[in-house]
Every structure is written in structure tokens, then in C-alpha cells.
Amino acid sequence: MDIILIIIAGIATVSFLIVSILASIVARRHRQDAMAHCRYRPKKSLMVGTERRCFQLLNDIFGQRFYIIPQVDVSSLLNHKVGNQNRYEAYSFIENKTVDFVFCNKQTLRPVCAVKLDDNKTTNRSPGSDPKDMEKFFQSAHLPFVRVTKLDKLDRQAIIEEFSRVIYETSKLDNKRKKK
């Protein structure tokens with residue numbers, strides 16, 4: 001009786017493996033066929049609306065001094081391997097998150113500042129998606145983070161005021177660190 005059960009279990013296992021391999025092969029072929037039929041065309045513009053207007057303003061104001069790069073992954077800007085923290089958990093908060101613009105030093109390409117357009121309509125509810133959470137991540141990295149909130153009143157003066165506020169707050173943090 002035990003030999004019959006072992007044989008049946010062996011046949012079931014082998015059958016399962018064969019079916020799994022065949023399913024994998026069929027799925028791969030289906031994906032390749034679908035890929036062969038998909039077509040693409042370039043978008044008319046990389047940015048539209050408020051994002052485009054903000055990009056143009058940022059370039060007008062800061063473009064002589066910095067490269068302004070749109071749509072950058074937070075994981076490209078912040079290193080999650082800090083101390084002995086849980087690296088998987090730290091990475092999970094920043095993976096698949098983006099900032100709207102990053103200012104980089106033109107000589108070194110070092111990130112100098114991150115900018116997020118915040119219309120207070122967060123659709124992504126995953127941890128770390130809220131711009132207020134992102135602000136905390138950037139503060140811990142000592143990288144200035146500008147949240148532009150008044151998108152309906154976006155003009156040169158509003159941009160300068162927001163950047164001035166962040167630079168002032170960052171300088172206060174730097175002074176506190178130096179005193180310790």
C-alpha cells in the first residue's frame with residue numbers, strides 16, 4: 001500500500017513539473033508574440049501643464065547654474081544602506097517613488113536639491129508616497145527638498161520664495177548640527 005502511494009505521489013510530482021514547464025513555455029511564447037505585435041510612437045511632449053510650466057520657470061531661474069532633470073527615482077537619489085538599519089524596509093519606502101525635478105551640480109552631477117509638485121491630491125497611498133513623507137526622507141539625507149504647493153499661482157516669485165524658505169530652513173539645520 002505504501003509503495004502505491006509513493007508511486008502515485010511521484011507520478012503527481014512529475015506531472016506537476018511537466019505541466020509547470022509547459023505552462024511557462026506557452027506563457028513565454030505568448031508574451032513574445034504579443035511583444036512582436038505591439039507598436040509605439042513618441043509622445044508629443046515629455047511634460048505638459050503645470051509640470052512643464054514649472055520646468056521652464058526652474059530653467060529660467062536656475063538653469064545657468066544647475067542641470068534640472070525631470071522625473072527622477074528617489075532610489076537613484078537616496079542611499080538606503082545606512083548603518084545597521086533594515087535595508088529592505090528602508091528601500092521599500094523609496095522604491096517606485098519619483099520626484100518631479102532634481103537640481104544637479106553641472107561639474108560633478110551631484111544632486112543638490114529635489115523638487116516635488118504637490119497638488120494635495122495624493123492618489124498613491126503606499127507608505128512614503130505622500131510628499132510630506134518624502135520630505136522626511138530627504139531631511140534624513142541632508143538633501144534639500146522643495147515641495148511646490150501653490151500650483152495655481154506658479155510664477156517666478158512663488159518659486160523664488162519657496163526655494164528661499166527651504167534654503168533658510170536647511171541652513172538652520174546645518175547650524176544645529178555644527179553646534180553639537
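Since we're looking at a predicted model, the values are computed, not measured. Side chains are part of it too, since the values below use all heavy atoms of this structure and drop only hydrogens, waters and symmetry mates.
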Nearest heavy-atom pair of [X] and [Y]: which atoms, and what distance?
X: E162; Y: R147; result: OE2-O, 3.4 Å
X: E51; Y: Q71; result: OE2-NE2, 2.6 Å
X: L78; Y: I94; result: O-CD1, 3.7 Å
X: K106; Y: G63; result: NZ-O, 2.9 Å

Set out, in order, the CA-CA distance, both residues' side-chain angles and the distance that settles side-chain contact (heavy atoms from CB on, under 4.5 Å) for F103 and L58, then state yes or no.
CA-CA 9 Å; F103 286 35; L58 293 173; 3.8 Å; yes

Going from CG on N86 to OG on S92, what distance comes out if it is rounded to the nearest 0.5 angstrom?
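Rounded to the nearest 0.5 Å, the CG-OG separation comes out at 8.0 Å.
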
Measure the spacing between CD of Q157 and OG of S164 and express it to the nearest 0.5 Å.
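So the gap between those two atoms works out to 8.0 Å.
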
Is any side-chain heavy atom of [X] less than 4.5 Å from a side-chain heavy atom of [Y]?
X: F163; Y: V115; value: yes
X: F137; Y: F93; value: yes
X: D73; Y: K97; value: no
X: L109; Y: N105; value: no
X: V146; Y: C113; value: yes
X: C104; Y: V112; value: no
X: V148; Y: K116; value: no
X: E95; Y: H80; value: no

According to the interplanar angle, ranging from 0 to 90°, do the rings of F145 and F138 count as parallel (below 30°), tilted (30 to 60°) or perpendicular (above 60°)?
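Plane angle under 30°, so parallel.
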
Count the heavy atoms belonging to other residues, nucleotides or ligands that lie under 6.0 Å from NZ of K136, then report whether that count exceeds 12.
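No, because the 6.0 Å sphere around NZ of K136 holds 12 heavy atoms or fewer from other groups.
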
Could you tell me whether the side chain of D100 and the main chain of L117 form a donor-acceptor pair under 3.5 Å?
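Here the side-chain-to-backbone pair exists.
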
Checking S24 side chain against S20 main chain: does a donor-acceptor pair fall under 3.5 Å?
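Such a contact is absent between S24 side chain and S20 backbone.
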
Is the ring centre of F101 less than 6.0 Å from the ring centre of F55?
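Under 6.0 Å, so yes.
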
Taking atom types as modelled and ignoring hydrogens, do the side chains of E89 and Q85 form a donor-acceptor contact shorter than 3.5 angstrom?
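Absent: no donor and acceptor within the cut-off.
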
Please check if I160 and I68 belong to a single hydrophobic cluster, counting links between Ile, Leu, Val, Met, Phe, Trp and Tyr side chain heavy atoms closer than 4.5 Å.
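Hydrophobic grouping puts I160 with I68.
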
Give the C-alpha distance, both sets of side-chain angles, the deciding distance and a yes or no for side-chain contact (heavy atoms from CB on, under 4.5 Å) between L57 and L154.
CA-CA 9 Å; L57 280 168; L154 194 60; 4.0 Å; yes

side-chain contact (heavy atoms from CB on, under 4.5 Å) evaluation trace for V14 with L17
CA-CA 5 Å; V14 169; L17 288 173; 5.6 Å; no

Run the numbers on L77 and V72 for side-chain contact (heavy atoms from CB on, under 4.5 Å), then give the verdict.
CA-CA 8 Å; L77 297 169; V72 178; 3.9 Å; yes

